Amino acid sequence: QVRLVESGGGEVQAGSSLRLSCVAVGRPLSDYAVAWYRQAPGKEREFLAAISWSGAADHYAESVKNRFTISRNNSVGAVYLEMTRLKPEDTALYLCAADYNPPVSFEVRVPDHWGQGTQVTVSL
């Protein structure tokens, strides 16, 4: 069983950038395709981006496509979400998730493995 751990969240001002990290405990993260989601209070969980196990393919939600970038470094076992030009509406709990399916599938199905999330708060 794999356990995912997110880090890198925090409180930032609007317009700032932030990089989130996701690592795995129990199995190599390089075995999995990985995605990032977020959940704000009172809102449904939102898919953001996903990347294949090799990093060769990725898929983004249209809402963040021009501001967020997903990447991975399998030599260190991490997947990242680089977020730029942050807005107050980006405030949410950010979660990574993993399974064996292609990146595009993460937008339409619930992946098998989840982390606990890292909080991002963006203030004016």
Side-chain angles (χ1 to χ4, degrees):
Q1 186 75 0
V2 65
R3 182 167 67 90
L4 304 179
V5 180
E6 304 91 339
S7 63
E11 297 185 18
V12 298
Q13 289 191 322
S16 300
S17 298
L18 207 56
R19 188 178 80 160
L20 307 181
S21 299
C22 174
V23 298
V25 177
R27 288 185 63 91
L29 194 60
S30 56
D31 287 354
Y32 300 92
V34 177
W36 285 96
Y37 297 78
R38 67 185 177 190
Q39 184 149 27
K43 294 188 177 181
E44 290 189 358
R45 187 171 59 212
E46 177 186 13
F47 165 81
L48 300 174
I51 191 166
S52 63
W53 70 270
S54 67
D58 56 30
H59 178 66
Y60 290 89
E62 285 298 319
S63 60
V64 300
K65 193 171 187 177
N66 295 321
R67 295 191 297 126
F68 292 6
T69 302
I70 191 170
S71 62
R72 70 188 304 158
N73 184 338
N74 285 341
S75 66
V76 300
V79 171
Y80 307 103
L81 184 69
E82 186 78 36
M83 305 185 294
T84 64
R85 292 177 279 134
L86 284 164
K87 308 173 184 178
E89 50 263 45
D90 293 318
T91 294
L93 182 69
Y94 284 70
L95 307 107
C96 68
D99 68 21
Y100 295 115
N101 291 291
V104 67
S105 73
F106 286 85
E107 192 167 13
V108 296
R109 65 180 296 277
V110 178
D112 296 330
H113 309 288
W114 290 85
Q116 296 295 309
T118 184
Q119 178 68 34
V120 173
T121 302
V122 185
S123 59
L124 286 170

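Just so it is clear, the structure is predicted and the values come from calculations on it, not from any experiment.
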#### Entry: Partners meeting side-chain hydrogen bond (donor to acceptor under 3.5 Å, both in side chains) with S63 (sequence neighbours left out)
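For S63, the residues satisfying side-chain hydrogen bond (donor to acceptor under 3.5 Å, both in side chains) (neighbours in sequence not counted) are E46.
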
Write out all pairs satisfying salt bridge (charged side-chain N to carboxylate O under 4.0 Å, His left out) with one or both partners inside [range], taking only residues at least two apart or from two chains.
| range | answer |
| --- | --- |
| residues 77-87 | none |
| residues 95-107 | D99-R109 |
| residues 57-79 | E62-K65, R67-D90 |
| residues 1-23 | none |

Is there a chain of hydrophobic side chains (I, L, V, M, F, W, Y, each step under 4.5 Å between heavy atoms) that links [X] to [Y]?
| X | Y | result |
| --- | --- | --- |
| V108 | I51 | no |
| V64 | L95 | no |
| L48 | V5 | no |
| F106 | Y80 | no |
| M83 | Y37 | no |

### Query
Should we say atom CD of Q116 is surrounded by more than 12 heavy atoms from elsewhere, each under 6.0 Å from it?
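No, CD of Q116 has 12 or fewer neighbouring heavy atoms, counting only those of other groups under 6.0 Å.
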
### Query
ring-ring contact (aromatic ring centres under 6.0 Å, His included): which pairs involve residues 49-70, sequence neighbours left out?
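Residue pairs passing ring-ring contact (aromatic ring centres under 6.0 Å, His included), neighbours aside: F47-H59.
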
Taking all non-hydrogen atoms of both residues into account, name the closest pair between [X] and [Y] and its distance.
| X | Y | value |
| --- | --- | --- |
| L81 | A49 | CD1-CB, 4.4 Å |
| A35 | A50 | CB-CB, 3.7 Å |
| A78 | V23 | CB-CG1, 4.1 Å |
| A98 | P111 | O-CB, 4.0 Å |
| P103 | S52 | CG-N, 3.4 Å |
| K43 | Q39 | O-NE2, 3.2 Å |

All side chain to side chain contact (heavy atoms under 4.5 Å, CB included) counterparts of [X], not counting sequence neighbours:
| X | value |
| --- | --- |
| Q13 | S16, S123 |
| S75 | N73 |
| V2 | L4, A24, R27, Y32, H113 |

Keeping to residues at least two apart or across chains, list the disulfide (SG to SG under 2.5 Å) pairs with something in [range].
| range | result |
| --- | --- |
| residues 25-88 | none |
| residues 11-73 | C22-C96 |
| residues 30-82 | none |

### Task
Show your reasoning for whether side-chain contact (heavy atoms from CB on, under 4.5 Å) applies to R38 and V120.
CA-CA 9 Å; R38 67 185 177 190; V120 173; over 6 Å; no

### Query
With no hydrogens and no angle check, is any side-chain donor or acceptor of T91 less than 3.5 Å from a backbone partner on V122?
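Pair found, side chain donor or acceptor close to backbone of V122.
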
### Query
Taking atom CH2 of W36 and atom CG of L20, what is their separation to the nearest 0.5 Å?
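The CH2 atom of W36 sits 4.5 Å away from the CG atom of L20.
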
